[in-house]
Chemist: 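Input: one structure, supplied below.
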Amino acid sequence: MGVSALGYVALNVSQPARWVEFATGLFGVEVRRRAKGKALDLRIDERHHRFTLYPAKTDSMAALGWEVATMADLESLAEALRAEGIEVAAGSAALCEERKVRALYSFHEPHIGVSTEIFYGALVSNTPWAPSRGVSGYNTGNGLGLGHIVYWVKDMTATIAFYERVMGFRISDTIAWDDNDAIFMHCNPRHHSLALVAEAPGRPGGRLNHIMLEARTLDDVGYGFDIAKDMKIPMIFEMGKHTNDHMHSFYVVTPSGFGMEYGFGGRLISENWEIRHYDQPMLWGHRPPV
Ligand SMILES: [Fe+2]
């Protein structure tokens with residue numbers, strides 16, 4: 001029971017053209033335009049898409065999609081959400097077609113406050129992924145999922161309890177540093193698919209901190225680092241390595257204002273995992289640009 005991976009992200013974006021430039025130029029995504037409408041699907045692996053961009057007046061999360069391994073798990077997770085008093089709506093045939101999945105339920109997640117979907121049966125395309133720049137691809141196979149997502153949250157205790165007890169996550173570790181307090185959670189061997197950071201002045205609960213994509217090679221990230229500088233994409237943290245998941249990565253600002261981490265080499269959760277507690281997020285690097 002519970003979710004098995006981070007599946008997809010649908011975004012309302014106020015600057016779709018800049019998003020396309022950003023996502024193709026830096027991450028090498030394949031843009032899939034639709035016969036009808038202005039929404040854009042972005043592809044990074046064998047799946048039909050992992051991101052959808054909806055042109056909009058303001059930037060927001062349209063839907064955060066968590067994958068569930070079986071149809072039976074999907075039904076029991078929907079039931080568990082209802083038992084929490086959460087209103088859960090079965091996805092219409094049109095919405096399933098939009099997301100390219102066999103079945104889904106949508107609900108307003110009450111702790112982070114994000115529009116959330118749980119789904120089963122993502123469509124794998126019959127054509128190979130065609131990256132828009134020379135990258136070796138993303139580490140999304142073997143059940144690891146899209147990557148990870150990090151939110152600031154208002155009530156850490158209640159949010160952690162919800163994701164553990166209802167959504168099926170387990171705690172990987174925690175990091176407390178300066179005025180930050182973060183918890184990292186896994187739902188498959190990826191070190192974390194979700195992380196929660198306690199809100200602080202100027203960083204309100206419910207705000208999206210960043211989404212991480214994991215490259216298959218360090219060179220993809222290295223070229224990406226140079227490209228980000230050449231494209232003058234605002235950088236949050238330069239290259240560094242994390243204490244907890246051992247990810248080698250850098251962080252940039254997306255055209256929507258939240259961050260994206262471009263990583264490589266994240267460690268996997270082992271069978272006899274021990275929860276650790278750190279006082280720094282980085283082993284080295286991850287410094288703000290000067
Ligand atoms: Fe991250």
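Each ligand, and each atom within it, is numbered from 1 in the order the structure gives.
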Chemist: Classify the side-chain pair Ser256/Trp19 by whether it contains a donor and acceptor separated by less than 3.5 Å.
Modeler: yes

Chemist: Between the Fe ion (ligand 1) and His192, is there an N, O or S atom separated by less than 2.8 Å?
Modeler: no

Chemist: Do Asn12 and Ser60 have side-chain atoms, one donor and one acceptor, less than 3.5 Å apart?
Modeler: yes

Chemist: Are any N, O or S atoms from Asp245 nearer to the Fe ion (ligand 1) than 2.8 Å?
Modeler: no

Chemist: Tell me, please, if His210 has any N/O/S atom, main chain or side chain, under 2.8 Å from the Fe ion (ligand 1)?
Modeler: yes

Chemist: Out of His191, Arg190, His210, which residue meets the side-chain hydrogen bond (donor to acceptor under 3.5 Å, both in side chains) rule with His148?
Modeler: His210

Chemist: Looking at Glu261, which of its N, O or S atoms is the nearest one to the Fe ion (ligand 1)?
Modeler: OE1

Chemist: Between His277 and Thr174, is there a side-chain donor-acceptor contact under 3.5 Å, judged purely by atom types and distance?
Modeler: yes

